[in-house]
Amino acid sequence: MGVTGRRSRLWRWALLVWAVLVVVAGGLTLWLQDSTEPPGPYVWEETSPTPSLPDGWRSACPDVTPDEQGWGACLTVTSG
């Protein structure tokens, strides 16, 4: 019983040390993560599906017909 009891006790200590390390590392991770985030609520920015071009600019695809949601597909190829 001497060797088996000692081995069982060693496994219990190893499991206990591992569990304490996991809890400490998890708490440290949450604490450091919270300290790097900017304060305040998060908000979504409202954007239009196709941004408008400034006055005087021509569209790269003037003949594109947008769908019901205002989206249009355009492929522009440049060399270089």
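In this text, all values refer to a predicted model and were calculated from it rather than measured experimentally.
A distance of 9.5 Å separates CG of Leu16 from CG of Leu21, quoted to the nearest 0.5 Å.
For the side chain to side chain donor-acceptor pair (under 3.5 Å) test, residues two or more places apart in sequence or in another chain that qualify with Arg12 are Ser8. Evaluation of the side chain to side chain contact (heavy atoms under 4.5 Å, CB included) rule for Trp11 yields Arg7 as partners, not counting sequence neighbours. In this structure, the side chain to side chain contact (heavy atoms under 4.5 Å, CB included) partners of Leu28, at least two apart in sequence or on a different chain, are Trp31, Leu32.
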